[in-house]
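See structure below.
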Amino acid sequence: MARDARSWDESDVRIRPNKKGTRPRTKDRPSYDDAVIGRIITVDRGRYTAVVGEDSNNERIIIAARARELRRNPVVPGDFVALVGDVSGEPDTLARLVRVEERRTLLRRSADDTDPIERVVVANADQLVVVVAAANPEPRTGFIDRALVAAYDAGIEPLLLVTKADVKDPADLLANYLSLDFPVIISRTADAEASGIDARSDDGLSARLDSDAVSQLRAHLDGKVTVMLGHSGVGKSTMVNALTGAERATGGVNAVTGRGRHTSSSALALKLNNAPSGSWIIDTPGIRSFGLAHVDADRILHAFPDLEPGTESCDRGCKHDATAVNCGLDAWVTGGHAGPSGVARLGSLRRLLGADPRQEAKETKELGTVN
């Protein structure tokens, strides 16, 4: 039988290469069952630092890069993440961060009150310490109220720390919050004669830190993850150093402008000294604005429990803001049900409900950088 002019086999088959790659695409992703779980303690220029084996004999620090599929997912201090690859923690090694575990809480903000983009601050926090100075820089109830709204919305317990109480009596400031149920700690410098520029010098605050205030705050921190939030120059990082033994950069207040000097550049989670497992403090970087665009009006109202009952007599659809007609909050405050600070509290609520981003920008400029 005559043979064909050419015999064909599989080597003669030619497949056109795929212009988009040689590997077929699939929606299936690895389960990473062998991944180790770590707690993110800081994020810096695309590198994620995590602690693995926390409080064990094999506790170690791992540096990781985020997997490509997670590039749109924010990863922040406090997050628990799955790590694969080189998880030895040895110098010059790099693991891969492949999954963010479910979060218990999430503290968020927006750039301003009209910005729909949420910015995640920290994850899995139990409480938020709002740090303000009684003077130098001057405290703003607007900042405190915004921080309280964000905390309540996230399911995080708030705590107020007022520093430099020897420079100015904080009674008027605290009167706005007498009816609210959260701890307040007042700190005075150890040197009773310190005041004015002396009390706000670069090293003055750290040299005269109030040991009683440190002890009072310390009692609230055991077994919890705590976020510290406050403007530059109020003594936030100084307090963090006292509680953790760290050496976070600290700065005083400019004697001319009265604004704090920016020091910390990234959020950092630090272990509390001589504390039970799970006791962490997260010192936050400068935040120039604390927008609440991600929080709707009803949730903002929940952050004012001294006023919320007054809305029961409001007309349906009442917005409770400055344009509202027959709003039940007016009668509630006039009747004294919100206490002596009711008028100021209602004004604060209505500023948040009808927030003007230009006003927030003005307040931010007056306060300087948040640290």
Side-chain angles (χ1 to χ4, degrees), residues 18-109 117-126 225-228 237 240-241 244-249 262-273 275 277-287 371:
N18 184 351
K19 294 181 180 180
K20 295 184 179 181
T22 58
R23 296 179 60 186
R25 295 190 58 132
T26 175
K27 293 183 178 180
D28 296 332
R29 291 290 181 267
S31 61
Y32 299 115
D33 293 333
D34 59 342
V36 299
I37 303 300
R39 184 197 300 264
I40 295 294
I41 57 176
T42 194
V43 179
D44 183 26
R45 291 172 292 186
R47 291 294 182 261
Y48 301 84
T49 303
V51 58
V52 171
E54 192 174 318
D55 296 319
S56 73
N57 293 331
N58 194 29
E59 179 176 307
R60 58 200 186 277
I61 298 296
I62 292 177
I63 308 299
R66 183 166 50 175
R68 180 178 297 178
E69 58 265 30
L70 294 181
R71 60 187 173 184
R72 295 182 181 274
N73 295 18
V75 182
V76 296
D79 266 325
F80 288 99
V81 298
L83 303 164
V84 298
D86 192 333
V87 293
S88 65
E90 295 295 325
D92 302 320
T93 60
L94 187 67
R96 190 158 62 103
L97 192 162
V98 295
R99 185 176 66 244
V100 179
E101 301 297 293
E102 184 177 355
R103 293 156 165 165
R104 293 184 295 106
T105 63
L106 196 62
L107 182 66
R108 303 167 294 165
R109 69 177 182 93
I117 300 176
E118 297 179 6
R119 288 162 171 78
V120 181
V121 182
V122 297
N124 300 311
D126 300 298
V225 177
T226 303
V227 185
M228 302 283 281
S237 293
V240 169
N241 290 345
T244 64
E247 296 182 357
R248 292 284 273 175
H262 179 73
T263 52
S264 304
S265 60
S266 60
L268 176 65
L270 296 160
K271 275 189 176 182
L272 190 66
N273 278 343
S277 177
S279 304
W280 290 83
I281 295 179
I282 303 178
D283 189 15
T284 55
I287 299 176
N371 180 37

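With hydrogens and angles disregarded, no donor-acceptor distance shorter than 3.5 Å links the side chain of R47 to the backbone of R45. Counting only distance, with no hydrogens or angles, the side chain of T49 and the backbone of I63 share no donor-acceptor pair below 3.5 Å. At distances below 3.5 Å, not a single donor-acceptor pair connects side-chain atoms of D283 with backbone N or O atoms of L268. Proximity of a side-chain donor or acceptor of R39 to a complementary backbone N or O of G278 within less than 3.5 Å is not detected.
For the pair E54/I37, no side-chain contact is recorded, criterion being any heavy-atom separation below 4.5 Å from C-beta on. Contact of the I61 side chain with the I41 side chain is registered, since non-hydrogen atoms from C-beta on lie closer than 4.5 Å. Using a 4.5 Å heavy-atom cutoff, the side chains of I62 and L83 are in contact. In this structure, V52 and V87 have side chains that are not in contact, with every pair of non-hydrogen atoms separated by 4.5 Å or more. By the 4.5 Å heavy-atom criterion applied to side chains, T105 and V225 are not counted as neighbours.
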**Prompt:** W280 and N124: side chain to side chain contact (heavy atoms under 4.5 Å, CB included), yes or no, with the steps?
**Reply:** CA-CA 11 Å; W280 290 83; N124 300 311; over 6 Å; no
**Request:** Please assess R66 against V81 for the test side chain to side chain contact (heavy atoms under 4.5 Å, CB included), listing each intermediate value before the final yes or no.
**Result:** CA-CA 10 Å; R66 183 166 50 175; V81 298; over 6 Å; no
**Item:** Steps toward side chain to side chain contact (heavy atoms under 4.5 Å, CB included) verdict (V121, T284)
**Value:** CA-CA 8 Å; V121 182; T284 55; 4.2 Å; yes
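A salt bridge (Lys or Arg N to Asp or Glu O under 4.0 Å) check over residues 75-91, counting only residues at least two apart or in different chains, returns the pairs D79-R103.
Of all non-hydrogen atoms in A123 and L106, the two that sit nearest each other are CB-CD1, 3.9 Å. V75 and V43 make their closest contact through O-CG2, 3.6 Å (heavy atoms, listed as atom of the first residue, atom of the second, distance). Of all heavy-atom pairs between A82 and E101, the closest is CB-OE2, 4.1 Å.
Summarising the geometry, atom CZ belonging to R68 is positioned 10.0 Å from atom CZ belonging to R96; distances are rounded to the nearest 0.5 Å. Residue Y48 holds its OH atom at 11.0 Å from OG1 of T42, rounded to the nearest 0.5 Å.
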